[in-house]
Amino acid sequence: MPGGLISKSYQAVRALATRQVRIECDRIPYHFHNVPLKKLLNWMIVETSIYFKPEHPWGWPTHLQIEPTTHCNLSCALCPVTVGMDRPGGHMDLNLYRKIIDEVGDYVFLVLLWDWGEPFLNPSIYEMISYAKQKGIKLVSSTNGHLFKNREQADRLIASGLDSIIFAVDGISQETYEPYRQGGSLESVLQGIRRVVVRKRDLKSKTPLINLRFIVMKHNEHEIPRLKELAKSLEVDALTLKTLNPVNQDFYSENKSEVRIKNEFLPQDHHYHRFKYDSTGQNVIRVRRNPCKQVWNNPVIHWSGAVCSCTYDPKEKYVLGHLKHQTFKNIWLGVPYRRLRRQFRADWGKLPLCRDCSYAYEGGNCSNQIIADAFFFNTQDRDQRSSK
């Protein structure tokens with residue numbers, strides 16, 4: 001029995017005995033207590049199935065990534081929203097969102113409430129969060145932070161029950177912040193963070209966990225030594241340093257045989273390089289066994305109801321179904337999804353979205369490797385206070 005499967009078996013036995021599950025996302029731990037037996041058994045079955053990669057799924061998704069909107073108030077470098085996604089944009093309708101949660105919410109542990117766009121521009125975002133919370137789901141979202149200097153927005157965020165929020169702050173001066181977060185104001189973001197921190201304290205709320213996110217790039221890596229002091233001064237709960245994905249940003253390119261390591265944003269410090277390179281320092285090392293498990297546990301649902309295999313299909317060239325016309329069950333068990341799983345198992349390297357995905361290279365595992373450093377300040381999970 002593979003070592004990973006032995007570990008999963010131990011976790012399953014422990015979870016059954018305690019009805020508790022611990023799931024990490026971007027190195028942030030999420031604890032689930034008194035988990036309903038139906039949800040717990042589904043999680044165990046799905047985690048086991050990932051080792052066998054069946055064409056027909058053994059269970060229902062344990063995670064969902066949902067795109068509330070494609071609209072954004074910034075024009076970030078390398079983002080498909082900036083360069084154009086070649087699909088209609090819009091906000092997810094609240095009724096469509098409720099349909100998704102009603103269909104699979106009894107099995108889902110974690111919802112990642114973002115994809116392409118600024119999630120908090122959706123006028124129904126707080127109702128979306130509250131609705132999923134009623135199902136015992138934990139939710140994580142990511143923001144560029146500009147909206148939260150407004151007290152009403154901060155109060156609505158806290159009242160919604162969101163479990164964790166990522167504030168993207170990729171520079172501690174306007175000069176280092178703006179090259180990537182184009183059109184953004186660092187001071188507005190910092191005001192937003194301070195506002196949420198103060199209102200969270202005033203309202204005596206334990207949530208959301210406030211995660212200061214810093215993507216390490218060539219023009220901002222010199223600021224890393226000062227980051228922890230900034231995080232402490234802002235009184236956030238966590239600081240996470242994320243590696244930049246330097247691959248060809250054309251997800252659909254037919255000629256993606258090499259990683260573009262000369263990307264202008266790639267940092268010099270190898271600790272913050274996402275991938276491992278061969279002795280020449282020029283070629284990334286491919287994995288033999290792709291660790292991605294999204295087609296068995298974590299579909300991505302765009303604002304319109306289009307269901308995709310992962311976040312790397314921003315232009316919807318490989319849609320697996322559409323929730324405006326189908327039930328989630330019909331899509332999850334349907335022919336396109338089964339074909340994708342079969343192809344992934346047979347030879348994932350031939351799948352356009354998989355062959356040069358982050359998961360395809362050593363060091364690029366999105367589950368536990370792309371966050372280079374994580375530091376915790378105010379959380380009760382002291383064993384995770386600082387890790388590398």
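Computed over heavy atoms, backbone and side chain alike; hydrogens, waters and symmetry mates excluded. Count residues from 1 along the sequence.
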Group every Ile, Leu, Val, Met, Phe, Trp and Tyr by side-chain heavy-atom contacts under 4.5 Å, then state whether [X] and [Y] land in the same group.
X: Tyr359; Y: Leu112; answer: no
X: Val300; Y: Leu351; answer: no
X: Leu94; Y: Phe328; answer: yes
X: Ile370; Y: Tyr272; answer: no
X: Ile137; Y: Val46; answer: yes

For the pair [X] and [Y], find out whether any cationic side-chain nitrogen is under 4.0 Å from an anionic carboxylate oxygen.
X: Glu127; Y: Arg156; value: yes
X: Glu235; Y: Arg201; value: yes
X: Arg98; Y: Glu103; value: no
X: Lys200; Y: Asp237; value: yes
X: Arg195; Y: Asp202; value: no
X: Glu55; Y: Arg339; value: no

Quick check: do [X] and [Y] have side-chain heavy atoms less than 4.5 Å from each other?
X: Trp114; Y: Ile66; value: no
X: Asp26; Y: Thr240; value: no
X: Val35; Y: Gln20; value: no
X: Ile23; Y: Val21; value: yes
X: Val196; Y: Leu157; value: yes
X: Val216; Y: Thr243; value: no
X: Ile301; Y: Glu67; value: no
X: Ser49; Y: Pro54; value: yes

Exam field: side chain [X] to backbone [Y], donor-acceptor pair closer than 3.5 Å:
X: Asn122; Y: Ser124; answer: yes
X: Arg213; Y: Lys242; answer: no
X: Lys99; Y: Leu323; answer: yes
X: His273; Y: Phe275; answer: no
X: His146; Y: Ser185; answer: yes
X: Glu221; Y: Gln268; answer: yes
X: Thr62; Y: Val108; answer: no
X: Trp116; Y: Thr311; answer: yes

For a side-chain contact (heavy atoms from CB on, under 4.5 Å) check, start with the C-alpha distance between Arg355 and Lys350, then their side-chain angles and the critical distance, and finish with the verdict. CA-CA 6 Å; Arg355 62 177 175 240; Lys350 291 183 178 179; over 6 Å; no

Nearest 0.5 Å, what's the [atom1]-[atom2] distance between [X] and [Y]?
X: Cys292; Y: Tyr312; atom1: SG; atom2: OH; result: 10.0 Å
X: Lys149; Y: Ser188; atom1: NZ; atom2: OG; result: 3.5 Å
X: Asp373; Y: Arg27; atom1: CG; atom2: CZ; result: 7.0 Å
X: His222; Y: Ile172; atom1: NE2; atom2: CD1; result: 7.0 Å
X: Leu190; Y: Tyr177; atom1: CG; atom2: OH; result: 8.5 Å
X: Phe32; Y: Lys39; atom1: CZ; atom2: NZ; result: 7.0 Å

To check you understand the geometry: which heavy-atom pair defines the closest contact between [X] and [Y], and what is its length?
X: Tyr97; Y: Met128; value: OH-O, 2.9 Å
X: Pro57; Y: Leu333; value: CG-CD2, 3.6 Å
X: Ile45; Y: Gly59; value: CG2-N, 4.4 Å
X: Gly90; Y: His71; value: CA-NE2, 3.7 Å

Derivation and outcome, side-chain hydrogen bond (donor to acceptor under 3.5 Å, both in side chains), residues Tyr277 and Glu362: CA-CA 8 Å; Tyr277 297 84; Glu362 290 192 12; over 6 Å; no

Apply side-chain hydrogen bond (donor to acceptor under 3.5 Å, both in side chains) to Gln182 and Thr82, showing your working. CA-CA 10 Å; Gln182 296 171 6; Thr82 301; over 6 Å; no

Parallel, tilted or perpendicular: which one describes the rings of Tyr337 and Trp332, with boundaries at 30° and 60°? perpendicular

Students often mix this up, so state it plainly: with edges at 30° and 60°, are the rings of Phe148 and Phe167 parallel, tilted or perpendicular? perpendicular

Could you go through the side-chain contact (heavy atoms from CB on, under 4.5 Å) check for Tyr30 and Leu110 one step at a time? CA-CA 9 Å; Tyr30 298 91; Leu110 200 64; 4.3 Å; yes

Is the distance from the ring center of [X] to that of [Y] below 6.0 Å?
X: Phe344; Y: Trp296; value: yes
X: Trp58; Y: Phe52; value: yes
X: His63; Y: Phe109; value: no

Neighbour count >12 (heavy atoms, 6.0 Å) for atom NE2, His33: yes

Just by distance, with hydrogens left out, do [X] and [Y] show a side-chain donor and acceptor under 3.5 Å apart?
X: Asp170; Y: Asn220; result: no
X: Glu118; Y: Asn73; result: no
X: Ser309; Y: Gln294; result: no
X: Asp163; Y: Thr207; result: no
X: His302; Y: Asp313; result: no
X: Thr69; Y: His91; result: yes
X: Asp102; Y: Tyr131; result: yes
X: Asp269; Y: His271; result: no
X: Asn245; Y: Ser358; result: no

I would like to know whether Ile166 and Thr143 meet side-chain contact (heavy atoms from CB on, under 4.5 Å); could you show each step before the answer? CA-CA 6 Å; Ile166 299 166; Thr143 179; over 6 Å; no

Apply side-chain contact (heavy atoms from CB on, under 4.5 Å) to the pair Ser304 and Glu316, showing each step before the final yes or no. CA-CA 11 Å; Ser304 63; Glu316 296 183 355; 4.0 Å; yes

